[in-house]
Amino acid sequence: VPVSDLGLNLFLFPCMFCFAAEDDVDLEALVNDMASLSSYESIYATCGTQHSDFAPLLHRTDGSGLHGNRVAPLPRAPSNRVTAPHSPTQKLRRSQPMHIQAVRRLQEEELQVRPASLPAIPNPFPELCSPSGSPVLSPGSLPQPSESHIIKVFSEDGVGKVVEVPADMMARDVCQFLVYKNHCLDDNCWSLVEHHSLLGLERCLEDHELVVPVQACMSPESKFLFRKNYAKYEFFRNPLNFFPEQMVAWCQETNGSIPQSQLLQNFLNSSSCPEIQGFIYMKETGRKSWKKLYMFLRRSGLYYTTKGMSKEPRHLQLLSDLEESNVFTVTTGRKMHNAPTDYQFCIKPSKGRTEQKELKMLCAEDEQSRTCWMTAFRLLKFGILLYQNYKSPHQRKTAISNFTTPVRSVSENSLVAMDFSGRTGRVIDNPVEAQSAAMEEGHTWRKRGQRMNVLGSPSPLHPSPLSSVIHRTQLWFHGRIMREESHRMIMQQGQVDGLFLLRDSQSNPKAFVLTLCHHQKIKHFQILPFEEEGQVFFSLDDGSTKFTDLIHLVEFYQLNRGILPCKLKHPCTMVAL
């Protein structure tokens, strides 16, 4: 056995001898050969200083065998062989079984040395072993879902509120929390907006998106806004208003239009191949000029053709991938980017902080085209998740399940019938009883008004300081704001049919203006005062329909369209946090 191998792989096995009856064996020579095994101990002792990290390979017992039994000497057979005589000083040693455990010790030492000498390999199945039993994973390296993070949310008036949220909290949960804290009406229209002031971009987070990872990719100047967005799921209710037939086509059929009944099904079904096509202005990289290109939006990404309106693969160039990008609205206006129209939008990478040169600046020809491109981008990227968010708006995580949103809200001008006839007031739950109580209260106010009119006091039917300013307490009234500001507010909250607000008129100090959105177009209607028999009324149709105050006017047109293109449905509100 080579001496150099003694420190690593030395395996000594007890010799087994088979003797035939006719063989002549010299037992004395055999004993001498076995006695030479003792020399290996001295050799190993010399090598042991060089291999001190390993356990002794030869383990001699004090005369006992592997199981404590001594091996009996073999009987001596007659032999004719001539052997060399032994010196009288040499001590004969009989062979003994040896207990060799070097292999097991080497394996144990390898397990102890390997973690320190080799790089750590991540455990792909941390749930199958405890952190203490894993040589690589430690409790500190495992993700802590209960770890809290701090986010700051701002309202439209610039006031911010600090909110502590867990790492797995979604945008829907943050909105539910703010709705509850600010006593707002929970109508599934509140949104958390990712706003980048330096880039002039913003987008509404989807309800299922995690807030903490989004904040990690935002710059210090960026912030979250809390506002209404009535168009978040409006395309599920009125898909034809969002997807013009000339912009939607099959990928398998050239210029084949999609049936109206299957419009949304094709977007939600992952096996189908819907496609949005049309002309878009794209800003050239590093330049202020824009180029008009024919583009195609598919599940695989946004493409533009290099030859006319060709769909051939050799003419298509990938502009952006849907999975790694998000679509934003540009809020800085057309002058900053020298855009050809006012209907700008942008595609921004979703991972990491993005610089201006990495943005894909696009511009549509009209508002309907821009809404179609941006809505189709969301549907093709998230698919059935958007429909689940639309169908289950009140699903909450266990982290915020300890509170319930009030059904009625004072801030939304909701009233409840009360009975104060006894010592303590009670809420009237029966609608029939509530209606009779309202009629009885109305008769009481009429009698009181007639009595006060006889005595010379102002009655409720005549103008009073309260009726002229009571509308200022309503959330849909925004005072003396400019025409452009009303446009901006309507656009930010969705541009859906019936979205409205009231404001003071700039041209007539005694008049008001109703700003209404219909078919993604913003229209303005002037509310003029009329005086009749010493009483002031307000009217939208030159006095044909008159109202004593603006609250009555709004309530009427919420039930009747009248001269308006549509009913008043969604008040444009601003909530202070």
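Hydrogens, waters and symmetry mates play no part in the numbers below; they use all other heavy atoms, side chains included.
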Participant: Going by distance alone, is a donor N or O of one side chain under 3.5 Å from an acceptor N or O of the other, for His471 and His552?
Facilitator: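 There is no such pair between these side chains.
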Participant: Would you please indicate yes or no on a ring centroid separation below 6.0 angstrom for Tyr281 and Phe279?
Facilitator: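 For Phe279 and Tyr281, the ring centres are not under 6.0 Å apart.
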Participant: Partners of Tyr303 by side chain to side chain donor-acceptor pair (under 3.5 Å), sequence neighbours excluded?
Facilitator: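 By the side chain to side chain donor-acceptor pair (under 3.5 Å) rule, Tyr303 matches Ser300.
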Participant: Would you please test Leu550 and Phe538 for side chain to side chain contact (heavy atoms under 4.5 Å, CB included) and show each step?
Facilitator: CA-CA 7 Å; Leu550 296 182; Phe538 298 96; 4.1 Å; yes
Participant: Flag this pair as yes if the NZ/CZ of Arg378 is under 6.0 angstrom from the six-membered ring centre of Phe382 and inside a 45 degree cone about the axis; otherwise no.
Facilitator: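 No - Arg378 does not lie over the ring of Phe382 by the 6.0 Å and 45° rule.
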Participant: Within the supplied structure, the quantity of interest is the number of heavy atoms (other residues, nucleotides, ligands) at a distance under 6.0 Å from Arg480 CZ; does it exceed 12?
Facilitator: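 Atom CZ in Arg480 is not packed in, count stays at 12 or less.
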Participant: Taking all non-hydrogen atoms of both residues, which atom of Ile522 and which atom of His524 are closest, and how far apart?
Facilitator: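 So the minimum-distance heavy-atom pair works out to CG2-NE2, 4.1 Å.
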Participant: Can you tell me if Arg503 uses its side chain to pair, donor with acceptor, with the backbone of Leu514 under 3.5 Å?
Facilitator: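 Checked: no pair found.
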Participant: Among Leu540, Asp541, Asp542, which one satisfies side chain to side chain contact (heavy atoms under 4.5 Å, CB included) with Ser544?
Facilitator: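 Of the listed residues Leu540, Asp541, Asp542, the side chain to side chain contact (heavy atoms under 4.5 Å, CB included) partner of Ser544 is Asp541.
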Participant: Does either side chain, that of Ser289 or that of Glu284, offer a donor lying less than 3.5 Å from an acceptor on the other one?
Facilitator: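 Glu284 and Ser289 do have a side-chain donor-acceptor pair below 3.5 Å.
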Participant: Do Ser325 and Ser320 get their side chains close enough for a donor-acceptor pair, meaning under 3.5 Å?
Facilitator: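 The answer is yes; a qualifying pair exists.
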Participant: Between Met374, Gln344, Met295, which is the residue that forms a side chain to side chain contact (heavy atoms under 4.5 Å, CB included) with Leu362?
Facilitator: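 Result for side chain to side chain contact (heavy atoms under 4.5 Å, CB included) with Leu362: Met295.
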Participant: Taking all non-hydrogen atoms of both residues into account, name the closest pair between Tyr304 and Leu293 and its distance.
Facilitator: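 For Tyr304 and Leu293, the tightest heavy-atom pair comes out as CD1-CD1, 3.7 Å.
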Participant: Give a yes-or-no answer on whether the side chains of Asn338 and Lys283 include a donor-acceptor pair shorter than 3.5 Å.
Facilitator: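 No - no donor-acceptor pair under 3.5 Å links their side chains.
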Participant: If every non-hydrogen atom of Cys204 is compared with every non-hydrogen atom of Val193, which pair is closest and at what distance?
Facilitator: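 Of all heavy-atom pairs spanning Cys204 and Val193, the closest is SG-CG2, 3.9 Å.
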Participant: One pair to check against salt bridge (Lys or Arg N to Asp or Glu O under 4.0 Å): Lys546 and Glu531. What are the steps and the verdict?
Facilitator: CA-CA 10 Å; Lys546 298 183 288 292; Glu531 186 173 353; over 6 Å; no
Participant: Check whether the ring centres of Phe236 and Tyr387 lie less than 6.0 Å apart, and answer yes or no.
Facilitator: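 Between Phe236 and Tyr387, the centre distance is under 6.0 Å.
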Participant: Does the pair Glu209 and Met170 meet the rule for a side chain to side chain contact (heavy atoms under 4.5 Å, CB included), with working shown?
Facilitator: CA-CA 5 Å; Glu209 286 191 75; Met170 297 183 294; over 6 Å; no
Participant: Got a donor-acceptor contact below 3.5 angstrom from the Ser191 side chain to the Lys228 backbone?
Facilitator: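 Side chain of Ser191 to backbone of Lys228, a donor-acceptor pair under 3.5 Å: no, none is there.
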Participant: Out of Phe243, Phe235, Phe242, Phe345, which one pairs with Thr371 under the side chain to side chain contact (heavy atoms under 4.5 Å, CB included) rule?
Facilitator: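 Filter result, single survivor: Phe242.
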Participant: Verify whether one side chain among Glu194 and His196 offers a donor that lies under 3.5 Å from an acceptor in the other.
Facilitator: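 Per modelled atom types, Glu194 and His196 side chains form a pair under 3.5 Å.
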Participant: I'd like to know whether Phe547 forms a side chain to side chain contact (heavy atoms under 4.5 Å, CB included) with Phe537, so could you lay out the CA-CA distance, the side-chain angles of the two residues, the decisive distance to 0.1 Å, and finally the verdict.
Facilitator: CA-CA 5 Å; Phe547 304 93; Phe537 298 92; over 6 Å; no
Participant: Can you confirm whether Val153 sits close enough to Leu225 that some side-chain heavy atom of one is under 4.5 Å from a side-chain heavy atom of the other?
Facilitator: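 Val153 vs Leu225: side chains apart.
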Participant: Looking at Asp173 and Met169, would you say the former's side chain and the latter's main chain have a donor-acceptor pair under 3.5 Å?
Facilitator: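 Here the side-chain-to-backbone pair does not exist.
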Participant: Going by atom types alone, do Asp497 and Tyr230 pair a side-chain donor with an acceptor below 3.5 Å?
Facilitator: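 No donor-acceptor contact under 3.5 Å links the two side chains.
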Participant: Strictly by modelled atom types, are Gln176 and Arg172 linked by a side-chain donor-acceptor pair under 3.5 Å?
Facilitator: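 No - no donor-acceptor pair under 3.5 Å links their side chains.
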Participant: Any chance the side chains of Asp366 and Ser369 put a donor and an acceptor closer than 3.5 Å?
Facilitator: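 The criterion, which ignores hydrogens and geometry beyond distance, is satisfied for Ser369 and Asp366.
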Participant: Table please: side-chain donor-acceptor pairs of residues 560-568 below 3.5 Å, with sequence neighbours left out.
Facilitator:
from: Asn560; atom 1: ND2; to: Phe556; atom 2: O; distance (Å): 3.1
from: Arg561; atom 1: NE; to: Leu564; atom 2: O; distance (Å): 3.4

Participant: Spell out, as yes or no, whether a donor-acceptor pair under 3.5 Å connects the side chain of His570 to the backbone of Gln493.
Facilitator: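 Looks like no, no N/O pair under 3.5 Å.
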